[in-house]
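Below is one structure; the comments refer to it alone.
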Number of protein chains: 2
Amino acid sequence: MPEGSHLILIVDDEPPIRRFLRASLAAAGYRVVEAESGVSGVKLAARQPPDLVILDLGLPDIDGQEVLVRLREWLAAPILILSARDQEAQKVRALDEGADDYLTKPFGVSELLARIRTAMRHSRPGRTESPVLSIGDLRVDLSARRVLVGEERIALTPIEYKLLVTLMKHSGKVLTHRFLLREVWGPHASQETHYLRVFVAGLRRKLGDDPARSRYIATEQGVGYRFAAE
Amino acid sequence: MPEGSHLILIVDDEPPIRRFLRASLAAAGYRVVEAESGVSGVKLAARQPPDLVILDLGLPDIDGQEVLVRLREWLAAPILILSARDQEAQKVRALDEGADDYLTKPFGVSELLARIRTAMRHSRPGRTESPVLSIGDLRVDLSARRVLVGEERIALTPIEYKLLVTLMKHSGKVLTHRFLLREVWGPHASQETHYLRVFVAGLRRKLGDDPARSRYIATEQGVGYRFAAE
DNA sequence: ATCAACCTTGACGCATTCTTTGCGCCCCAG
DNA sequence: CTGGGGCGCAAAGAATGCGTCAAGGTTGAT
(Lines give C-alpha, C1' and ligand atoms only; values in the text may rest on other atoms or scores of the structure.)
Protein backbone atom coordinates (compact mmCIF):
# COMPACT_ATOMS: atom_id res chain seq x y z
CA MET A 1 0.00 0.00 0.00
CA PRO A 2 1.69 3.19 -1.13
CA GLU A 3 0.79 5.66 1.57
CA GLY A 4 4.16 7.24 1.08
CA SER A 5 5.09 10.86 0.72
CA HIS A 6 2.42 12.00 3.16
CA LEU A 7 3.95 14.14 5.86
CA ILE A 8 2.88 13.62 9.48
CA LEU A 9 3.69 15.98 12.35
CA ILE A 10 4.02 14.47 15.82
CA VAL A 11 3.66 16.80 18.78
CA ASP A 12 4.54 14.98 22.00
CA ASP A 13 6.90 15.68 24.87
CA GLU A 14 7.74 12.11 25.82
CA PRO A 15 10.74 10.74 23.87
CA PRO A 16 9.76 7.06 24.13
CA ILE A 17 6.34 7.73 22.65
CA ARG A 18 7.83 9.84 19.90
CA ARG A 19 10.27 7.09 19.10
CA PHE A 20 7.48 4.53 19.01
CA LEU A 21 5.32 6.66 16.74
CA ARG A 22 8.19 7.62 14.47
CA ALA A 23 9.15 3.99 13.92
CA SER A 24 5.57 2.83 13.31
CA LEU A 25 4.75 5.63 10.87
CA ALA A 26 8.02 5.37 8.99
CA ALA A 27 7.47 1.65 8.59
CA ALA A 28 4.08 2.42 7.06
CA GLY A 29 5.75 4.71 4.52
CA TYR A 30 4.98 8.13 5.96
CA ARG A 31 7.44 10.97 6.31
CA VAL A 32 7.61 12.21 9.88
CA VAL A 33 8.57 15.44 11.60
CA GLU A 34 8.52 15.89 15.39
CA ALA A 35 8.09 18.61 17.95
CA GLU A 36 8.43 18.18 21.71
CA SER A 37 6.42 21.17 22.78
CA GLY A 38 3.29 23.02 21.76
CA VAL A 39 4.89 26.24 20.56
CA SER A 40 7.56 24.48 18.53
CA GLY A 41 4.84 22.25 17.06
CA VAL A 42 2.85 25.22 15.80
CA LYS A 43 5.99 26.82 14.40
CA LEU A 44 7.03 23.64 12.67
CA ALA A 45 3.60 23.18 11.16
CA ALA A 46 3.76 26.69 9.77
CA ARG A 47 7.17 26.18 8.24
CA GLN A 48 6.41 22.75 6.81
CA PRO A 49 2.66 22.18 6.51
CA PRO A 50 1.90 18.54 7.30
CA ASP A 51 -0.81 16.35 5.79
CA LEU A 52 -1.84 15.15 9.25
CA VAL A 53 -1.05 16.02 12.87
CA ILE A 54 -0.80 13.68 15.84
CA LEU A 55 -1.13 15.76 18.97
CA ASP A 56 -0.63 14.67 22.57
CA LEU A 57 -2.74 16.64 24.99
CA GLY A 58 -0.33 16.35 27.89
CA LEU A 59 2.28 18.95 26.98
CA PRO A 60 4.62 20.83 29.31
CA ASP A 61 4.49 24.41 28.05
CA ILE A 62 1.01 25.24 26.81
CA ASP A 63 -2.17 23.26 27.00
CA GLY A 64 -2.62 20.79 24.16
CA GLN A 65 -6.09 22.16 23.71
CA GLU A 66 -4.58 25.54 22.98
CA VAL A 67 -2.27 24.03 20.34
CA LEU A 68 -5.30 22.47 18.71
CA VAL A 69 -7.11 25.80 18.51
CA ARG A 70 -4.09 27.61 17.10
CA LEU A 71 -3.50 24.97 14.45
CA ARG A 72 -7.13 24.87 13.41
CA GLU A 73 -7.15 28.58 12.76
CA TRP A 74 -5.35 28.00 9.50
CA LEU A 75 -4.49 24.32 9.06
CA ALA A 76 -6.94 22.19 7.09
CA ALA A 77 -5.13 18.89 7.62
CA PRO A 78 -6.68 16.29 9.96
CA ILE A 79 -5.63 16.37 13.60
CA LEU A 80 -5.58 13.22 15.73
CA ILE A 81 -5.53 13.63 19.50
CA LEU A 82 -3.69 11.30 21.85
CA SER A 83 -4.41 11.37 25.54
CA ALA A 84 -3.44 9.37 28.59
CA ARG A 85 -6.65 10.13 30.41
CA ASP A 86 -10.02 8.87 29.33
CA GLN A 87 -12.03 11.91 30.30
CA GLU A 88 -15.18 12.34 28.33
CA ALA A 89 -15.39 16.09 28.78
CA GLN A 90 -11.92 16.51 27.36
CA LYS A 91 -12.79 14.38 24.33
CA VAL A 92 -15.91 16.42 23.63
CA ARG A 93 -13.99 19.68 23.90
CA ALA A 94 -11.21 18.50 21.58
CA LEU A 95 -13.58 17.13 18.96
CA ASP A 96 -15.67 20.28 19.00
CA GLU A 97 -12.57 22.43 18.63
CA GLY A 98 -11.88 20.74 15.33
CA ALA A 99 -9.98 17.56 16.15
CA ASP A 100 -10.77 14.71 13.78
CA ASP A 101 -10.27 11.78 16.12
CA TYR A 102 -9.32 11.03 19.70
CA LEU A 103 -7.36 8.02 20.88
CA THR A 104 -6.84 7.02 24.47
CA LYS A 105 -3.60 5.33 25.47
CA PRO A 106 -2.83 2.55 25.30
CA PHE A 107 -3.73 1.89 21.68
CA GLY A 108 -2.49 -0.53 19.03
CA VAL A 109 -0.34 0.44 16.10
CA SER A 110 -2.65 -1.02 13.51
CA GLU A 111 -5.65 0.82 14.93
CA LEU A 112 -3.68 4.06 14.87
CA LEU A 113 -2.71 3.48 11.25
CA ALA A 114 -6.29 2.63 10.29
CA ARG A 115 -7.55 5.81 11.93
CA ILE A 116 -4.87 7.80 10.12
CA ARG A 117 -6.02 6.33 6.81
CA THR A 118 -9.62 7.19 7.65
CA ALA A 119 -8.69 10.77 8.53
CA MET A 120 -6.64 11.18 5.36
CA ARG A 121 -9.60 9.92 3.35
CA HIS A 122 -11.68 12.78 4.69
CA SER A 123 -9.24 15.49 3.74
CA ARG A 124 -9.40 14.75 0.06
CA PRO A 125 -9.60 18.03 -1.76
CA GLY A 126 -12.64 18.72 -3.89
CA ARG A 127 -12.38 17.08 -7.23
CA THR A 128 -10.64 19.26 -9.73
CA GLU A 129 -12.57 19.85 -12.91
CA SER A 130 -11.73 17.55 -15.75
CA PRO A 131 -8.83 19.08 -17.60
CA VAL A 132 -9.77 20.06 -21.14
CA LEU A 133 -7.49 21.22 -23.91
CA SER A 134 -9.41 23.51 -26.20
CA ILE A 135 -8.37 25.40 -29.31
CA GLY A 136 -10.83 26.76 -31.81
CA ASP A 137 -13.71 24.32 -32.12
CA LEU A 138 -11.43 21.43 -31.21
CA ARG A 139 -11.75 20.10 -27.67
CA VAL A 140 -9.87 17.28 -25.95
CA ASP A 141 -11.16 16.00 -22.62
CA LEU A 142 -8.14 14.33 -21.09
CA SER A 143 -9.94 12.57 -18.24
CA ALA A 144 -12.52 11.04 -20.56
CA ARG A 145 -10.07 10.64 -23.42
CA ARG A 146 -12.56 12.26 -25.76
CA VAL A 147 -11.93 14.42 -28.82
CA LEU A 148 -14.57 16.71 -30.25
CA VAL A 149 -14.55 18.83 -33.39
CA GLY A 150 -17.49 21.12 -32.89
CA GLU A 151 -20.24 18.75 -31.72
CA GLU A 152 -18.89 15.70 -33.45
CA ARG A 153 -16.92 13.04 -31.70
CA ILE A 154 -13.70 11.87 -33.39
CA ALA A 155 -12.31 8.37 -32.94
CA LEU A 156 -8.53 8.29 -32.65
CA THR A 157 -6.11 5.40 -32.35
CA PRO A 158 -3.74 5.40 -29.36
CA ILE A 159 -0.83 6.92 -31.29
CA GLU A 160 -2.96 9.51 -33.02
CA TYR A 161 -4.34 10.56 -29.66
CA LYS A 162 -0.95 10.79 -28.03
CA LEU A 163 0.41 12.81 -30.92
CA LEU A 164 -2.51 15.22 -30.85
CA VAL A 165 -2.24 15.76 -27.11
CA THR A 166 1.49 16.36 -27.33
CA LEU A 167 0.99 18.93 -30.06
CA MET A 168 -1.82 20.68 -28.20
CA LYS A 169 0.02 20.80 -24.90
CA HIS A 170 2.68 22.89 -26.61
CA SER A 171 0.40 24.74 -28.99
CA GLY A 172 1.98 27.74 -30.64
CA LYS A 173 5.48 26.32 -30.32
CA VAL A 174 7.34 24.53 -33.06
CA LEU A 175 8.03 20.95 -32.05
CA THR A 176 10.94 19.26 -33.78
CA HIS A 177 10.61 15.88 -35.45
CA ARG A 178 13.05 14.51 -32.92
CA PHE A 179 11.04 15.77 -29.95
CA LEU A 180 7.71 14.48 -31.23
CA LEU A 181 9.14 11.07 -32.06
CA ARG A 182 10.75 10.66 -28.64
CA GLU A 183 7.63 11.87 -26.89
CA VAL A 184 5.10 9.72 -28.73
CA TRP A 185 6.99 6.62 -29.85
CA GLY A 186 9.80 6.56 -27.31
CA PRO A 187 13.51 7.36 -27.17
CA HIS A 188 14.50 4.72 -29.69
CA ALA A 189 12.42 6.12 -32.55
CA SER A 190 13.88 9.61 -32.82
CA GLN A 191 15.02 9.05 -36.43
CA GLU A 192 11.86 7.65 -37.97
CA THR A 193 10.51 10.88 -39.39
CA HIS A 194 8.32 9.01 -41.85
CA TYR A 195 6.09 7.94 -38.92
CA LEU A 196 5.24 11.58 -38.47
CA ARG A 197 4.31 12.09 -42.08
CA VAL A 198 1.89 9.18 -41.95
CA PHE A 199 0.26 10.02 -38.64
CA VAL A 200 0.07 13.75 -39.13
CA ALA A 201 -1.71 13.04 -42.41
CA GLY A 202 -4.12 10.75 -40.57
CA LEU A 203 -4.81 13.35 -37.90
CA ARG A 204 -5.39 16.11 -40.41
CA ARG A 205 -7.84 13.98 -42.32
CA LYS A 206 -9.82 13.08 -39.20
CA LEU A 207 -9.82 16.66 -37.94
CA GLY A 208 -10.82 17.98 -41.33
CA ASP A 209 -7.63 19.93 -41.80
CA ASP A 210 -5.94 20.97 -45.05
CA PRO A 211 -2.13 21.04 -45.07
CA ALA A 212 -2.09 23.99 -47.46
CA ARG A 213 -4.31 26.23 -45.34
CA SER A 214 -4.12 24.49 -42.00
CA ARG A 215 -6.45 25.35 -39.14
CA TYR A 216 -4.67 23.15 -36.64
CA ILE A 217 -1.42 21.46 -37.60
CA ALA A 218 1.08 23.59 -39.52
CA THR A 219 4.18 22.17 -41.18
CA GLU A 220 7.51 23.84 -40.46
CA GLN A 221 9.67 22.74 -43.34
CA GLY A 222 12.81 20.90 -42.34
CA VAL A 223 12.13 21.41 -38.63
CA GLY A 224 8.91 19.90 -37.38
CA TYR A 225 5.25 20.78 -36.73
CA ARG A 226 3.41 23.46 -34.88
CA PHE A 227 -0.11 23.40 -33.48
CA ALA A 228 -2.15 26.57 -33.88
CA ALA A 229 -2.22 28.79 -30.82
CA GLU A 230 -5.49 29.90 -29.26
CA MET B 1 -25.79 24.71 17.73
CA PRO B 2 -28.63 24.00 15.30
CA GLU B 3 -28.17 20.35 14.57
CA GLY B 4 -31.79 20.00 13.69
CA SER B 5 -33.30 18.32 10.66
CA HIS B 6 -30.37 15.96 10.18
CA LEU B 7 -31.59 12.41 9.73
CA ILE B 8 -29.80 9.59 11.52
CA LEU B 9 -30.33 5.91 10.82
CA ILE B 10 -29.80 3.49 13.70
CA VAL B 11 -29.16 -0.16 12.85
CA ASP B 12 -29.18 -2.26 16.02
CA ASP B 13 -31.01 -5.37 17.09
CA GLU B 14 -31.19 -4.67 20.82
CA PRO B 15 -34.31 -2.69 21.78
CA PRO B 16 -32.84 -1.11 24.94
CA ILE B 17 -29.89 0.31 23.05
CA ARG B 18 -32.15 1.59 20.30
CA ARG B 19 -34.36 3.24 22.88
CA PHE B 20 -31.36 4.82 24.54
CA LEU B 21 -29.92 6.11 21.26
CA ARG B 22 -33.26 7.33 20.00
CA ALA B 23 -33.85 9.36 23.15
CA SER B 24 -30.36 10.83 23.19
CA LEU B 25 -30.36 11.80 19.54
CA ALA B 26 -33.87 13.18 19.61
CA ALA B 27 -32.93 15.31 22.60
CA ALA B 28 -30.03 16.69 20.61
CA GLY B 29 -32.40 17.69 17.82
CA TYR B 30 -31.86 14.93 15.30
CA ARG B 31 -34.53 13.06 13.40
CA VAL B 32 -34.17 9.32 13.85
CA VAL B 33 -35.15 6.23 11.91
CA GLU B 34 -34.43 2.70 13.13
CA ALA B 35 -33.86 -0.76 11.76
CA GLU B 36 -33.42 -3.91 13.79
CA SER B 37 -31.63 -5.98 11.18
CA GLY B 38 -29.02 -5.56 8.49
CA VAL B 39 -31.20 -6.09 5.45
CA SER B 40 -33.96 -3.83 6.68
CA GLY B 41 -31.31 -1.22 7.49
CA VAL B 42 -30.01 -1.22 3.94
CA LYS B 43 -33.52 -1.06 2.55
CA LEU B 44 -34.46 1.78 4.82
CA ALA B 45 -31.34 3.71 3.90
CA ALA B 46 -32.20 3.33 0.22
CA ARG B 47 -35.76 4.54 0.69
CA GLN B 48 -34.85 7.42 2.97
CA PRO B 49 -31.16 8.34 2.62
CA PRO B 50 -29.85 9.38 6.03
CA ASP B 51 -27.24 12.02 6.81
CA LEU B 52 -25.44 9.64 9.15
CA VAL B 53 -25.65 5.97 10.10
CA ILE B 54 -25.02 4.38 13.48
CA LEU B 55 -24.35 0.70 12.90
CA ASP B 56 -24.01 -2.02 15.51
CA LEU B 57 -21.71 -4.81 14.36
CA GLY B 58 -23.48 -7.54 16.32
CA LEU B 59 -26.52 -8.19 14.17
CA PRO B 60 -28.64 -11.34 13.95
CA ASP B 61 -29.19 -11.84 10.24
CA ILE B 62 -26.12 -10.75 8.26
CA ASP B 63 -22.72 -9.66 9.42
CA GLY B 64 -22.48 -6.01 10.36
CA GLN B 65 -19.34 -5.79 8.29
CA GLU B 66 -21.36 -6.85 5.28
CA VAL B 67 -23.94 -4.15 5.96
CA LEU B 68 -21.12 -1.62 6.05
CA VAL B 69 -19.81 -2.75 2.68
CA ARG B 70 -23.26 -2.71 1.10
CA LEU B 71 -23.99 0.79 2.35
CA ARG B 72 -20.64 2.17 1.32
CA GLU B 73 -21.16 1.07 -2.25
CA TRP B 74 -23.44 4.02 -2.76
CA LEU B 75 -24.00 5.95 0.47
CA ALA B 76 -21.76 8.98 0.99
CA ALA B 77 -23.00 9.76 4.51
CA PRO B 78 -20.72 9.07 7.52
CA ILE B 79 -21.07 5.67 9.21
CA LEU B 80 -20.32 5.23 12.91
CA ILE B 81 -19.68 1.72 14.14
CA LEU B 82 -20.75 0.48 17.57
CA SER B 83 -19.33 -2.71 18.94
CA ALA B 84 -19.45 -4.59 22.20
CA ARG B 85 -16.05 -6.14 21.74
CA ASP B 86 -12.84 -4.15 21.67
CA GLN B 87 -11.02 -6.14 18.99
CA GLU B 88 -8.38 -4.20 17.16
CA ALA B 89 -8.51 -6.31 13.99
CA GLN B 90 -12.24 -5.68 13.72
CA LYS B 91 -11.72 -1.95 14.13
CA VAL B 92 -9.09 -1.87 11.40
CA ARG B 93 -11.29 -3.81 9.02
CA ALA B 94 -14.29 -1.60 9.60
CA LEU B 95 -12.35 1.63 9.25
CA ASP B 96 -10.69 0.44 6.06
CA GLU B 97 -14.04 -0.60 4.61
CA GLY B 98 -15.18 2.97 4.85
CA ALA B 99 -16.46 3.44 8.40
CA ASP B 100 -15.81 6.92 9.75
CA ASP B 101 -15.50 6.13 13.44
CA TYR B 102 -15.63 3.20 15.81
CA LEU B 103 -16.97 3.31 19.34
CA THR B 104 -16.66 0.54 21.88
CA LYS B 105 -19.42 0.03 24.40
CA PRO B 106 -19.83 1.39 26.94
CA PHE B 107 -19.59 4.98 25.80
CA GLY B 108 -20.97 8.28 27.05
CA VAL B 109 -23.75 10.15 25.36
CA SER B 110 -21.84 13.38 25.11
CA GLU B 111 -18.88 11.65 23.48
CA LEU B 112 -21.20 10.01 20.98
CA LEU B 113 -22.77 13.34 20.14
CA ALA B 114 -19.38 14.98 19.77
CA ARG B 115 -18.21 12.24 17.42
CA ILE B 116 -21.42 12.61 15.42
CA ARG B 117 -20.77 16.33 15.07
CA THR B 118 -17.21 15.61 13.94
CA ALA B 119 -18.38 13.06 11.39
CA MET B 120 -21.05 15.41 10.05
CA ARG B 121 -18.40 18.09 9.62
CA HIS B 122 -16.49 15.76 7.33
CA SER B 123 -19.34 14.88 5.03
CA ARG B 124 -19.11 17.13 2.06
CA PRO B 125 -22.36 18.78 1.11
CA GLY B 126 -24.17 18.20 -2.14
CA ARG B 127 -23.15 14.63 -2.62
CA THR B 128 -26.51 13.03 -2.25
CA GLU B 129 -26.01 9.99 -4.41
CA SER B 130 -28.98 8.11 -5.62
CA PRO B 131 -28.90 4.40 -4.86
CA VAL B 132 -29.94 3.75 -8.46
CA LEU B 133 -27.74 4.04 -11.52
CA SER B 134 -29.76 4.45 -14.69
CA ILE B 135 -28.68 4.80 -18.29
CA GLY B 136 -31.00 4.19 -21.19
CA ASP B 137 -33.32 1.33 -20.27
CA LEU B 138 -30.69 -0.16 -18.00
CA ARG B 139 -31.15 0.32 -14.27
CA VAL B 140 -28.95 -0.83 -11.39
CA ASP B 141 -30.27 -0.69 -7.84
CA LEU B 142 -27.10 -0.49 -5.76
CA SER B 143 -28.87 -1.00 -2.45
CA ALA B 144 -30.47 -4.26 -3.56
CA ARG B 145 -27.78 -5.28 -6.05
CA ARG B 146 -30.38 -5.71 -8.74
CA VAL B 147 -29.99 -5.10 -12.47
CA LEU B 148 -32.89 -4.46 -14.82
CA VAL B 149 -32.94 -4.14 -18.60
CA GLY B 150 -36.31 -2.61 -19.30
CA GLU B 151 -38.66 -4.67 -17.17
CA GLU B 152 -36.55 -7.77 -17.14
CA ARG B 153 -34.29 -8.70 -14.30
CA ILE B 154 -30.75 -9.81 -15.20
CA ALA B 155 -28.73 -12.21 -13.06
CA LEU B 156 -25.08 -11.25 -12.79
CA THR B 157 -22.18 -12.97 -11.08
CA PRO B 158 -20.27 -10.97 -8.43
CA ILE B 159 -17.49 -9.94 -10.79
CA GLU B 160 -19.86 -9.09 -13.61
CA TYR B 161 -21.80 -6.89 -11.23
CA LYS B 162 -18.74 -5.11 -9.93
CA LEU B 163 -17.47 -4.52 -13.44
CA LEU B 164 -20.79 -3.14 -14.61
CA VAL B 165 -21.08 -0.79 -11.63
CA THR B 166 -17.54 0.46 -12.11
CA LEU B 167 -18.20 1.19 -15.76
CA MET B 168 -21.51 2.91 -15.04
CA LYS B 169 -20.15 5.05 -12.24
CA HIS B 170 -17.76 6.57 -14.75
CA SER B 171 -20.03 6.46 -17.77
CA GLY B 172 -18.85 8.52 -20.70
CA LYS B 173 -15.23 8.23 -19.69
CA VAL B 174 -12.75 5.80 -21.15
CA LEU B 175 -11.52 3.49 -18.41
CA THR B 176 -8.15 1.90 -19.03
CA HIS B 177 -7.62 -1.83 -18.75
CA ARG B 178 -5.31 -1.19 -15.84
CA PHE B 179 -7.87 0.87 -13.95
CA LEU B 180 -10.68 -1.62 -14.43
CA LEU B 181 -8.53 -4.56 -13.40
CA ARG B 182 -7.31 -2.85 -10.25
CA GLU B 183 -10.80 -1.71 -9.37
CA VAL B 184 -12.59 -5.00 -9.92
CA TRP B 185 -9.99 -7.71 -9.30
CA GLY B 186 -7.56 -5.85 -7.07
CA PRO B 187 -4.15 -4.21 -7.36
CA HIS B 188 -2.33 -7.44 -8.19
CA ALA B 189 -4.29 -8.16 -11.36
CA SER B 190 -3.51 -5.00 -13.31
CA GLN B 191 -1.84 -6.97 -16.12
CA GLU B 192 -4.45 -9.63 -16.77
CA THR B 193 -6.24 -7.92 -19.64
CA HIS B 194 -7.49 -11.34 -20.56
CA TYR B 195 -10.05 -11.25 -17.74
CA LEU B 196 -11.62 -8.16 -19.22
CA ARG B 197 -12.18 -9.71 -22.60
CA VAL B 198 -13.99 -12.66 -21.06
CA PHE B 199 -16.14 -10.71 -18.62
CA VAL B 200 -17.00 -7.86 -20.96
CA ALA B 201 -18.19 -10.48 -23.41
CA GLY B 202 -20.32 -12.04 -20.68
CA LEU B 203 -21.82 -8.70 -19.71
CA ARG B 204 -22.59 -7.74 -23.29
CA ARG B 205 -24.33 -11.02 -23.89
CA LYS B 206 -26.48 -10.68 -20.77
CA LEU B 207 -27.32 -7.06 -21.50
CA GLY B 208 -28.12 -7.85 -25.12
CA ASP B 209 -25.31 -5.73 -26.46
CA ASP B 210 -23.45 -6.08 -29.75
CA PRO B 211 -19.73 -5.26 -29.73
CA ALA B 212 -19.90 -3.89 -33.27
CA ARG B 213 -22.75 -1.40 -32.65
CA SER B 214 -22.79 -1.23 -28.89
CA ARG B 215 -25.55 0.40 -26.93
CA TYR B 216 -23.73 0.18 -23.61
CA ILE B 217 -20.13 -0.96 -23.54
CA ALA B 218 -17.86 0.43 -26.24
CA THR B 219 -14.37 -0.88 -26.91
CA GLU B 220 -11.51 1.59 -27.13
CA GLN B 221 -8.85 -0.43 -28.84
CA GLY B 222 -5.51 -0.52 -27.15
CA VAL B 223 -6.80 1.55 -24.25
CA GLY B 224 -9.82 0.19 -22.44
CA TYR B 225 -13.62 0.37 -22.39
CA ARG B 226 -16.19 3.10 -22.17
CA PHE B 227 -19.76 2.95 -20.97
CA ALA B 228 -22.28 4.98 -22.94
CA ALA B 229 -23.10 8.36 -21.42
CA GLU B 230 -26.69 9.29 -20.67
C1' DA C 1 -19.56 -37.06 -1.68
C1' DT C 2 -21.86 -34.82 -5.45
C1' DC C 3 -23.18 -31.09 -8.00
C1' DA C 4 -23.66 -26.46 -9.65
C1' DA C 5 -21.93 -21.94 -10.19
C1' DC C 6 -18.20 -19.34 -10.97
C1' DC C 7 -13.48 -17.94 -12.09
C1' DT C 8 -9.30 -18.89 -14.59
C1' DT C 9 -6.74 -20.26 -18.55
C1' DG C 10 -5.71 -21.41 -23.33
C1' DA C 11 -6.56 -21.46 -28.33
C1' DC C 12 -8.15 -19.55 -32.70
C1' DG C 13 -10.10 -16.44 -36.27
C1' DC C 14 -10.89 -11.84 -37.23
C1' DA C 15 -10.49 -6.75 -36.98
C1' DT C 16 -7.87 -2.80 -36.10
C1' DT C 17 -3.66 -0.56 -35.77
C1' DC C 18 1.12 0.11 -36.74
C1' DT C 19 4.98 -0.16 -39.87
C1' DT C 20 6.95 -0.06 -44.27
C1' DT C 21 7.18 1.18 -49.01
C1' DG C 22 6.55 3.79 -53.12
C1' DC C 23 5.11 7.62 -55.86
C1' DG C 24 3.98 12.29 -57.03
C1' DC C 25 4.07 17.15 -55.65
C1' DC C 26 6.05 21.52 -54.24
C1' DC C 27 9.72 24.59 -53.44
C1' DC C 28 14.14 26.24 -54.11
C1' DA C 29 19.01 26.09 -55.63
C1' DG C 30 21.95 25.40 -59.27
C1' DC D 1 14.91 24.92 -66.81
C1' DT D 2 16.10 21.04 -64.10
C1' DG D 3 17.16 18.11 -60.24
C1' DG D 4 16.85 16.95 -55.44
C1' DG D 5 15.26 17.07 -50.70
C1' DG D 6 11.37 17.25 -47.87
C1' DC D 7 6.58 16.42 -47.63
C1' DG D 8 1.62 14.42 -48.32
C1' DC D 9 -0.73 10.49 -49.32
C1' DA D 10 -2.27 5.85 -50.37
C1' DA D 11 -1.85 1.05 -49.94
C1' DA D 12 0.40 -3.34 -48.92
C1' DG D 13 2.41 -6.15 -45.23
C1' DA D 14 3.34 -7.22 -40.28
C1' DA D 15 2.01 -7.04 -35.57
C1' DT D 16 -1.02 -6.54 -32.07
C1' DG D 17 -5.40 -6.59 -29.78
C1' DC D 18 -10.15 -8.24 -29.45
C1' DG D 19 -14.26 -11.48 -29.29
C1' DT D 20 -15.54 -16.01 -28.70
C1' DC D 21 -15.72 -20.69 -27.22
C1' DA D 22 -14.57 -24.33 -24.35
C1' DA D 23 -11.93 -26.95 -21.18
C1' DG D 24 -9.88 -27.17 -16.45
C1' DG D 25 -10.05 -25.85 -11.59
C1' DT D 26 -11.89 -23.92 -7.40
C1' DT D 27 -15.37 -22.99 -4.13
C1' DG D 28 -19.48 -23.56 -1.60
C1' DA D 29 -24.01 -25.64 -1.01
C1' DT D 30 -26.88 -29.74 -0.73
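Proteins get letters first, then strands, A, B, ... in listed order; numbering begins at 1 in each.
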Applying a 4.0 Å non-hydrogen cut-off, can you work out what A:Val198 is touching in the nucleic acid: base, sugar-phosphate, or nothing?
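The residue A:Val198 makes base contact.
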
When all nucleic acid strands are considered with a 4.0 Å heavy-atom cut-off, which category describes B:Thr193: base, sugar-phosphate, or nothing?
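It contacts nothing in the nucleic acid.
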
What is the distance, rounded to the nearest whole Å, between atom [atom1] of [X] and atom [atom2] of [N]?
X        : N      : atom1 : atom2 : value
A:Glu192 : D:dA14 : CD    : P     : 18 Å
A:Arg213 : D:dG8  : CZ    : P     : 16 Å
A:Asp210 : C:dC26 : CG    : C1'   : 14 Å
A:Gln191 : D:dG6  : CD    : C1'   : 16 Å
B:Phe199 : D:dT20 : CZ    : P     : 15 Å
B:Leu163 : C:dT8  : CG    : P     : 12 Å
A:Leu196 : C:dT21 : CG    : P     : 17 Å
A:His194 : D:dG5  : NE2   : P     : 18 Å

Using a cut-off of strictly less than 4.0 Å, decide whether [X] has a side-chain nitrogen or oxygen near OP1 or OP2 of [N].
X        : N      : answer
B:Arg197 : D:dG17 : no
A:Trp185 : C:dT19 : yes
A:Thr157 : C:dT16 : no
A:Tyr195 : C:dT20 : yes
A:Tyr161 : C:dT17 : no

Which atom names give the shortest non-hydrogen contact between A:Ala228 and A:Ile135, and what distance separates them?
O-CD1, 3.5 Å

Surrounding CZ of B:Arg72 (heavy atoms of other residues, nucleotides or ligands, distance under 6.0 Å), is the total greater than 12?
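Counting neighbours around CZ of B:Arg72, more than 12 heavy atoms of other residues, nucleotides or ligands fall under 6.0 Å, so yes.
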
Atom CZ of residue position A:Arg178 - does it have more than 12 heavy atoms of other residues, nucleotides or ligands inside 6.0 Å?
no

With respect to the side chain of [X], which nucleotide from [options] is positioned closest?
X        : options               : result
A:His177 : D:dC7, C:dC18, C:dT8  : D:dC7
A:Gln221 : D:dC7, C:dT17, D:dT20 : D:dC7
B:Pro158 : C:dT19, D:dC18, C:dC6 : C:dC6
A:Pro211 : D:dG19, C:dC18, D:dC9 : D:dC9

B:Val53 and B:Leu75, any side-chain heavy atoms less than 4.5 Å apart:
yes

Side chains of B:Glu230 and B:Ser171 only: does a donor on one sit below 3.5 Å from an acceptor on the other?
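No.
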
